[in-house]
Student: 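To start, I am sharing the structure in question, which I have written as structure tokens.
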Amino acid sequence: MANFYRDNNDIQFLFRHTDLGKSAEVCEEGFKFANEFDYAPANSEEAIENYDMVLDSLGQLSADFIAPRAEDVDRQGNILNEDGSVTRAKGIQESIEKLGQAEVMGFTLPHCFGGLNFPNIVYSMAIEILSRADAALMNIFGLQGIAETINAFASEEIKQKYLPDFSAGKVTGAMVLTEPDAGSDLQSVKLRAFENDKGNWFLHGVKRFITNGCGDVLLVLARSEPDRSGGLGLSLFVCEPGPTVHIRRLEDKLGIHGSPTCEIFFDNTPCEIIGERQRGLVTYVMSLMNGARIGIAAQSVGIAEAAFRVARDYAATRKQFAVAIEKLPAVRDMLIDMKIAIEAGRALLYETSRVVDLEIGYAKQLEEIDSRFRGNDREKSGNDREKSGNDREKSGNDREKSGNDSRDKALAKQLKNDSRKYKRYAAMLTPMSKYYCSEMCNEIAYDSIQVLGGSGYMRDYPCERHARDARITTIYEGTSQLQVVAAVRGVCSGTAEKFIAELAGQNYDDEVKDLLGKLAEGTEQLKESVAFVKEQGNEYMDLYGRALVDMAIDLINGYLFCGQAGTKVDMQVPVAENGNTNNSQTVSMKERKAMIAQRYVTKNEPKIGALAALIRTGDKSTFSDYEALVGPVPME
Ligand SMILES: Cc1cc2nc3c(=O)[nH]c(=O)nc-3n(C[C@H](O)[C@H](O)[C@H](O)COP(=O)(O)OP(=O)(O)OC[C@H]3O[C@@H](n4cnc5c(N)ncnc54)[C@H](O)[C@@H]3O)c2cc1C
């Protein structure tokens, strides 16, 4: 049976190469849940076995059930019925039910709500696998972030109300943020939330472009403070569909046809507030969107993988000039670059997900220690009052407690440092991954059509669908331009420098020594470019942000590939990967990754140099010559 997890050698490799045990440990909080929940792992080995099992069944479901339906889903799309209900494409509805039965709809939710409590890195693998089968379905599978946000910030009552149903696959969610006048700039959201004198909240206004807006649990960003403009006037609310929630329109769009994109009118809709007032955008939606951005990066890698496979297969069989077109240098070069770009995207995505797991894990541990301190302080002051009669016992207890306290304090300090560090890394790597993977996915999807020539443009092959599906990835969850704005902060504030220095300080095989030298040179060029940009001011930084971020990503990926080339994983992969069973020739993944590192770093070295040179031109014609260069707004 086909399996989109097992047949992907790079995922198989990274599953073994990455330290999943560490992610498991922080996610399972030291495996403390094992005594309480039947399915909670007792150690890293058990956890990793569970991850492998679940990805295996998802891989099989994706290959055997979801992928064969993707073409029909794309052609059918969704229907808005006269009564305002939405009928999803048949294949999507069937797949949602299957995913619910497979118990994978609570991927990262805690055990106590029936979730799998898996780390983000495994969730990224799952999203990628599923997106390869059907990118549109991913939009519903990937909306598990709604449940995560409820889990992180809502009251216990709201959690109990919704989360078990999410885990059981009984409900799906929607992230309801965008409005006609509030797209990239969510601070200008206008939809009103008002509270009546009984303390009940209601929503009134219009939202547009809402994926799965016909879902069962809607998280809505709304203006709760009418006198306060900007993000601090916004709060987050949860509501359900009902007579006051009107789906006014389904968008007729280029791709992801299986994913309904809704315009919604809320007509005094009853709702409940999530967490605290005024933290809707600045805390809750930012957290929700960071998770969703990693999701889109994973979706992008999945689409790219699907598109590459079509091209790889076609290039081997299509003959022109009496040879298979893969023998032609221009075609084979394109295929190699496609494959390496996908593996670069995957490396960056998994590294980002791993960092996010550590960020969340350390923050949780820190919170626990802090609450222990608070508890100790309370207990101590209670004991002091009670125990004034027994001084000897008290001083013994005090000594023991102060020993524990100082150990806890040292641990808390360490955790605080780790937590801050990974938070900074995650804040930079998340937009980098979203930007790199979505741009990469668009290039791969277009190149896939190019490899197929005229056939690629026809609906007989899936690559035109992949290209249409790919197109949205650089737009939703924040456009590429917005990702660059977020990532460049990390590049210019020293975070990239620290992260790259950490990568450079790891152990590498001698084989990649010359590559490390090139990466070190590139790092110097990045530092000089950052210094130059800072001298020129913020506007210049915005203008050349993309070049800076590109340089940083190329360096990070270069180091990640060099690290993979030194892997301890003993894994042989067939040389002809697409199932040519007559070909018994294999290569070790270690050797293959060394080849990739060699090609990637060597080819990017001049690119990094060129980007540095571009930045240092000091060219500001974008500001000075705009009107003359673009001309007037065209008249009708
Ligand atoms: C299919 C689809 C599904 C969607 N699903 C959802 C959903 O589920 N929930 C939801 O809330 N929203 C959703 N959206 C909305 C989506 O997130 C927005 O479309 C996106 O954030 C861009 O906003 P906009 O379309 O208003 O474009 P604009 O913000 O108007 O941007 C237009 C152009 O200006 C650029 N730009 C804007 N600001 C800046 C800046 N500061 N610096 C540099 N460039 C800038 C942009 O990069 C872009 O090129 C969806 C959209 C689509 C198309």
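For ligands, and for the atoms within them, numbers begin at 1 and follow the listed sequence.
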Student: Output the list of atoms in ligand 1 that are nearer than 4.0 Å to some heavy atom of Gln481, sorted by atom number.
Tutor: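 Matching atoms, with element in brackets: 43 (C), 44 (N), 47 (O), 49 (O).
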
Student: Suppose I only count heavy atoms of Ile475 and a 4.0 Å limit; which atoms of ligand 1 are within that range?
Tutor: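 What qualifies from ligand 1 is 20 (C).
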
Student: Tell me which part of Asp185 gets within contact of ligand 1: side chain, backbone, both or neither, using heavy atoms under 4.0 Å.
Tutor: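 No part of Asp185 is near ligand 1 at this cut-off.
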
Student: Quick one: sort the Phe237 and Trp201 rings into parallel, tilted or perpendicular, breaks at 30° and 60°.
Tutor: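 Plane angle between 30° and 60°, so tilted.
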
Student: Please state which part of Thr479 comes within less than 4.0 Å of ligand 1, counting heavy atoms only: side chain, backbone, both or neither.
Tutor: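 Under 4.0 Å from ligand 1, Thr479 contributes side-chain atoms alone.
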
Student: Say whether Thr178, considering both its backbone and side-chain N or O atoms, lies within less than 3.5 Å of an N or O atom on ligand 1.
Tutor: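 Yes, since at least one N or O of Thr178 sits under 3.5 Å from an N or O of ligand 1.
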
Student: Which atoms of ligand 1 have any heavy atom of Ile472 under 4.0 Å away?
Tutor: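 Close to Ile472: 1 (C), 2 (C), 52 (C), 53 (C).
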
Student: Which bit of Glu477 is near ligand 1, meaning a heavy atom under 4.0 Å away: side chain, backbone, both or neither?
Tutor: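 The part of Glu477 near ligand 1 is the backbone, not the side chain.
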
Student: Looking at Phe65, is Arg69 sitting on its ring face, NZ or CZ under 6.0 Å from the six-membered ring centre and within 45 degrees of the normal?
Tutor: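 The answer is yes, since Arg69 meets both limits relative to Phe65.
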
Student: Hey, are the side chains of Glu477 and Met175 touching, using non-hydrogen atoms and a 4.5 Å cut-off?
Tutor: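 The answer is yes, as the side chains (C-beta and beyond) meet within the 4.5 Å cut-off.
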
Student: Which atoms from ligand 1 have a heavy atom of Met175 less than 4.0 Å away?
Tutor: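 Near Met175, the atoms of ligand 1 are 7 (C), 8 (O), 9 (N), 10 (C), 11 (O).
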
Student: Students should be able to answer this: which protein heavy-atom is nearest to atom 29 (O) of ligand 1, and at what distance?
Tutor: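 Answer, as residue, atom name and distance: Ser184 OG, 2.6 Å.
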
Student: Between Arg616 and Phe532, is NZ or CZ placed under 6.0 angstrom from the six-membered ring centre and within 45° of the ring axis?
Tutor: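 Pair Arg616/Phe532 does not count as cation-pi.
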
Student: To which of Thr211, Val484, Val485 does the heavy atom nearest atom 5 (N) of ligand 1 belong?
Tutor: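 The residue whose heavy atom sits nearest atom 5 (N) of ligand 1 is Thr211.
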
Student: For atom 13 (C) of ligand 1, grab the closest protein heavy atom and report residue, atom and distance to one decimal in Å.
Tutor: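 Going atom by atom, the protein heavy atom closest to atom 13 (C) of ligand 1 ends up being Phe209 O, 2.8 Å.
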
Student: Going through the checks in order, is the side chain to side chain donor-acceptor pair (under 3.5 Å) test met by Glu128 and Tyr123?
Tutor: CA-CA 9 Å; Glu128 182 199 328; Tyr123 187 36; over 6 Å; no

Student: Which ligand 1 atoms does Ile210 reach within 4.0 Å, using its non-hydrogen atoms?
Tutor: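 It comes down to these atoms of ligand 1: 7 (C), 8 (O), 9 (N), 10 (C), 11 (O).
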
Student: What is the closest protein heavy atom to atom 24 (P) of ligand 1, and at what distance does it sit?
Tutor: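 Atom 24 (P) of ligand 1 sits closest to the protein heavy atom Gly183 CA, 4.0 Å.
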
